[in-house]
Structure formats: structure tokens, C-alpha cells
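Read through the structure below, which is laid out as C-alpha cells, and then see the notes.
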Amino acid sequence: MLEVKNVDMIFGGLAALKDVSLTVPEHQIHGLIGPNGSGKTTLINVITGFYAPTAGEVIFDGKKISGLAPNVISLTGLGRTFQNVNLFPEMTALENVTTGYCARTKHNIASAIFHTKLYRKEEKEAYDNAMRQLEFVGLANDVNTKAKNLPYGKRRLLEIARLLATDPKLVLLDEPVAGMNEQESDEVACLVRKMRDQGGRTILLIEHHMKFVMSLCDQLTVLSSGMKIAEGPPSEIQNNEEVIECYLGKRRAKSA
Ligand code: ADP
Ligand code: MG
């Protein structure tokens with residue numbers, strides 16, 4: 001589904017990614033972990049086209065996507081959430097999710113003004129689709145609440161619903177449970193599994209919450225200072241000396 005090949009990303013002399021390669025097969029839940037500043041978000045930004053890599057390439061679903069614009073890449077079936085909540089605060093939950101579908105519609109301004117059959121059909125599809133996604137993430141009772149009035153955990157679920165409205169084959173989540181309590185993060189773990197098992201999606205996620213990552217992911221890739229230092233199933237990564245040394249050990253010490 002996704003192949004990152006020997007990617008370098010250099011920002012004015014600083015190498016944020018050095019020769020990073022990564023393969024995510026279809027229907028996998030793949031975790032990307034590592035200390036702050038290790039290049040995780042940069043890698044997501046390269047995959048989604050926000051940055052063109054300095055070297056290397058990204059192949060998605062058999063096609064090279066590195067070098068394409070983010071909106072073009074998103075139309076190929078790749079969707080993301082951001083590390084910080086990124087919603088329209090004055091819009092309702094339903095309106096926020098409907099915007100996710102807009103890039104897929106074919107009607108133009110003239111058909112919108114004249115309320116043509118195509119326009120009405122697509123409006124109905126956008127509405128039905130948004131309602132389905134809100135239900136899927138557990139926000140069926142909040143459709144008419146403004147985003148700014150939802151509690152933090154629900155705002156993050158709303159972002160996921162908006163993303164799912166574009167029907168992505170590959171979903172990229174940047175710290176989906178940051179700032180959530182245990183119950184909320186368990187709910188997100190269930191939701192991610194459901195995206196894979198019922199929605200048939202492939203997931204690549206960044207997260208520092210170790211219980212969440214270790215219980216949810218099939219495979220993990222560990223970055224440190226822009227380099228891949230380990231890769232494998234959670235059971236292996238947990239016992240990897242280098243990973244404990246530069247990341248897991250420090251986290252355990254912090255939470256102790
Ligand atoms: P992580 O998500 O793992 O915490 P980031 O990918 O955000 O790390 O950052 C990796 C490194 O790249 C950091 O040193 C950061 O300062 C740098 N970086 C990220 N984006 C930019 C940018 N647009 N310009 C310059 N430096 C950047
Ligand atoms: Mg980050």
C-alpha cells in the first residue's frame with residue numbers, strides 16, 4: 001500500500017530525515033514512534049506532499065506520489081489528521097464533516113446557484129455520508145453541536161470522521177490520543193481497529209502512548225534523529241536495546 005524509499009528531508013542544513021525507508025502492507029496498523037524531534041511528523045508531511053523530499057521517493061498503491069501537490073495526493077486515497085486539532089470552530093460537527101466530502105463532488109458554482117439535479121444529489125450524498133461517519137466514530141448525538149463547544153476528545157473524533165468522509169485507503173494519524181484519558185484512548189484504539197476491520201483501511205499512526213501503540217500496532221518503525229533505528233512487531237521493539245536506550249527507557253523513567 002505504501003512504500004517510502006530512502007527519503008532524505010533537509011531543512012536549511014538540518015537533516016530531519018536521513019535515508020528513511022518504510023513499507024506498510026494493505027490492512028496493516030503500523031506505528032511510527034521515537035523521541036520528540038526525531039522526524040515523525042516530517043515523514044507524514046513528506047508522505048502527504050506537504051514537503052517534497054530532498055532525495056528518495058514515496059510510492060502509494062503502486063504509483064509514485066512524491067512531488068505531487070497535497071490535494072492531488074489526497075484524491076488518490078490518502079488522508080491524514082494533524083498533530084493539533086484543526087477544525088472549523090464555528091461550524092457544527094455535521095458541517096465540518098461535510099467539508100471533507102466537498103473535494104470529491106463534481107458540481108460547480110453554476111449548478112449550485114441553479115440547484116441542479118446533480119447539485120441536489122451530491123448534497124444529499126455528502127449529508128448521508130457525513131452522518132454515517134459521525135455515527136461510525138460515536139458522535140451521532142453531537143451532529144448539530146458547534147466544533148468549538150465539543151470537549152477535546154470529541155473534537156479529535158470529529159477530525160477522524162471528517163477524514164473518513166473522503167474514504168481514504170490509507171489513514172495517517174498524528175498523535176491521535178495525545179491529551180486523552182485512558183478511557184478515551186481505549187475508545188480510539190477500538191475505532192482504529194474498526195477502520196481496518198470494517199472499513200478495510202490501512203493505518204499509519206504516530207503516538208507516544210505506549211500501551212496504545214503496543215496493543216494496537218502490527219508493526220512499528222522507530223525513528224531517532226531522523227534515522228530509522230529499528231523495525232518489527234511490538235514484542236520485539238519493546239526488548240530492543242537501542243530503542244530502550246534512546247526512547248523507551250526515557251519514557252519509562254518519566255512515567256515512573
Ligand atoms: P517529531 O514529529 O518526531 O517530533 P518533527 O518531524 O516535527 O519531529 O521534527 C523533526 C526535526 O525537523 C526537528 O528538528 C524540527 O525542528 C525540524 N523541522 C520540522 N519541520 C521543519 C521546517 N518546516 N523547517 C525547518 N525545520 C523543520
Ligand atoms: Mg510530531
Side-chain angles (χ1 to χ4, degrees), residues 2 4-24 29-58 60 65-71 73-74 78-87 152-153 155-156 159-160 163 170-180 185 188-189 192 203-214 216-217 219-232 234 237-238 240 242-255:
L2 178 73
V4 173
K5 287 187 183 168
N6 310 104
V7 161
D8 289 345
M9 185 73 232
I10 298 168
F11 296 112
L14 175 119
L17 296 171
K18 287 173 240 169
D19 197 27
V20 173
S21 296
L22 173 75
T23 302
V24 185
I29 301 178
H30 196 108
L32 190 57
I33 62 173
N36 281 328
S38 57
K40 304 179 299 296
T41 298
T42 302
L43 182 56
I44 299 266
N45 283 332
V46 167
I47 295 168
T48 49
F50 283 80
Y51 302 141
T54 315
E57 57 182 18
V58 181
F60 171 58
I65 55 165
S66 36
L68 300 178
N71 58 323
I73 291 179
S74 137
L78 204 148
R80 74 174 301 181
T81 60
F82 292 84
Q83 192 166 347
N84 301 309
V85 175
N86 184 14
L87 292 161
Y152 174 77
R155 291 208 298 273
R156 301 232 59 177
E159 287 188 298
I160 294 178
L163 163 73
L170 176 67
V171 174
L172 303 138
L173 304 170
D174 198 346
E175 302 200 18
V177 302
M180 288 189 178
S185 74
V188 174
V192 172
I203 292 111
L204 174 62
L205 61 90
I206 297 176
E207 195 38 76
H208 287 296
H209 188 308
M210 280 306 121
K211 181 172 153 248
F212 178 88
V213 167
M214 296 295 173
L216 181 63
C217 296
Q219 288 283 320
L220 296 175
T221 296
V222 190
L223 292 182
S224 177
S225 307
M227 283 180 290
K228 182 165 87 175
I229 59 162
E231 193 160 56
I237 295 296
Q238 269 170 314
N240 179 301
E242 198 180 352
V243 178
I244 292 169
E245 168 70 21
C246 81
Y247 180 56
L248 290 179
K250 290 184 183 133
R251 291 202 70 77
R252 275 174 204 152
K254 213 159 94 183
S255 60

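Both counts, for ligands and for their atoms, begin at 1 and track the order of listing. Bear in mind the structure is a predicted one, so any value in this text is a computation, not a measurement.
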Seminar exercise, completed: If you count every protein N, O or S atom closer than 2.8 Å to the Mg ion (ligand 2), you should arrive at 2
Exercise. Should the pair Phe11 and Tyr51 be assigned to parallel (<30°), tilted (30 to 60°) or perpendicular (>60°) ring geometry?
Worked result: perpendicular
For this session: Please round to the nearest 0.5 Å and tell me the distance separating atom CG of Leu43 and atom OG1 of Thr48.
Result: 9.5 Å
Seminar exercise, completed: Smallest heavy-atom separation, Ala189 atom then Leu216 atom, equals O-CD1, 3.6 Å
Problem set entry | Set of residues satisfying ring-ring contact (aromatic ring centres under 6.0 Å, His included) with respect to Tyr152, sequence neighbours excluded | none
Exercise. Is the backbone N or O of Ile229 less than 3.5 Å from a side-chain atom of Ser224, with the two atoms forming a donor-acceptor pair by type?
Worked result: no
Problem set entry | Nearest-0.5 Å distance, OH of residue Tyr247 to CD1 of residue Ile237 | 12.0 Å
For this session: Find the distance between CG (Asn36) and OG1 (Thr41) and round it off to the nearest 0.5 Å.
Result: 9.0 Å
For this session: Applying ring-ring contact (aromatic ring centres under 6.0 Å, His included), name anything that partners Phe60, two or more places apart in sequence or on another chain.
Result: none
Problem set entry | Pocket residues of ligand 1, ordered first by chain and then by residue number (heavy-atom cut-off under 4.0 Å) | Phe11, Leu14, Ala16, Pro35, Asn36, Gly37, Ser38, Gly39, Lys40, Thr41, Thr42, Tyr51
Exercise. How many angstroms lie between atom CD of Glu207 and atom CG of Asp174, to the nearest 0.5 angstrom?
Worked result: 9.0 Å
